[in-house]
Amino acid sequence: VVSTGRTELWVFTEDALWRDVNVQVRGAFPLGRFDCGFAVADGKLYVFGGTDANKGFLLADVWVLDAVEGFLRPDATLIWKELSQGEIIEAPPSERSGAKVAALDGRMYVFGGYIDGGTVEDS
């Protein structure tokens with residue numbers, strides 16, 4: 001995800017081709033960022049944290065991009081949604097970049113990364 005005012009997304013297809021996905025964004029979309037973590041679960045792409053590409057501050061937000069299976073349809077409209085604090089039952093990990101993220105059995109795991117004071121090794 002980059003800071004050009006649009007969401008940039010690429011997909012590697014089963015026929016070994018890279019395609020730039022023209023994501024039509026409705027409503028809000030994530031800040032441009034780098035070193036974010038992401039995972040796919042139940043046909044949705046989850047993005048956590050990273051570093052703001054314009055101002056350099058660390059992030060702890062969670063965004064969901066629905067309709068992962070529709071990336072190759074030219075008419076697809078994919079919608080980003082930020083999960084609000086009310087939708088997240090427990091407090092998220094602290095702001096960080098470079099964390100490793102995985103999804104398994106309906107849960108998203110976040111491990112390590114960089115914070116302002118150095119690296120972290122929590123999960």
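For clarity, every value in this text was computed on a predicted model and none was experimentally measured.
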Could you walk me through whether Val47 and Leu65 satisfy the side chain to side chain contact (heavy atoms under 4.5 Å, CB included) test, starting with their C-alpha distance in whole Å, then the side-chain angles of each, then the deciding distance to 0.1 Å, before giving a yes or no? CA-CA 8 Å; Val47 176; Leu65 183 61; over 6 Å; no

Val62, Tyr109: one ILVMFWY side-chain cluster at the under-4.5 Å cut-off? no

Is it the case that over 12 heavy atoms from other parts of the model lie below 6.0 angstrom from the CG atom of Asp15? yes

Exceeds 12 heavy-atom contacts within 6.0 angstrom, atom CZ of Phe38: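 Incorrect, the count does not exceed 12.
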
Restricting to non-hydrogen atoms, name the atom on Gly37 and the atom on Val101 that form the minimum distance, rounded to 0.1 Å. CA-CG2, 3.6 Å

If you look at every heavy atom in Pro93 and Ala60, which pair is closest and at what distance?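 Nearest pair, atom of Pro93 first, then Ala60: O-CB, 3.6 Å.
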
Flag the pair [X] / [Y] as yes when at least one side-chain heavy-atom distance between them is below 4.5 Å, and no otherwise.
| X | Y | value |
| --- | --- | --- |
| Asn54 | Arg33 | no |
| Trp63 | Cys36 | no |
| Asp61 | Pro30 | no |

Residues two or more places apart in sequence or in another chain: which of them pass side chain to side chain contact (heavy atoms under 4.5 Å, CB included) with Ser97?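 Only Asp35, Thr51, Leu58, Tyr114 meet the side chain to side chain contact (heavy atoms under 4.5 Å, CB included) criterion with Ser97.
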
Only counting residues at least two apart or in another chain, list the ones meeting side chain to side chain contact (heavy atoms under 4.5 Å, CB included) with Phe57.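 Residues passing side chain to side chain contact (heavy atoms under 4.5 Å, CB included) with Phe57: Leu31, Asp52, Lys55, Leu59.
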
Could you tell me whether the side chain of Arg96 and the main chain of Gly112 form a donor-acceptor pair under 3.5 Å? yes

Between Phe29 and Glu82, is the side chain to side chain contact (heavy atoms under 4.5 Å, CB included) condition met? List the steps. CA-CA 8 Å; Phe29 58 92; Glu82 182 177 15; over 6 Å; no

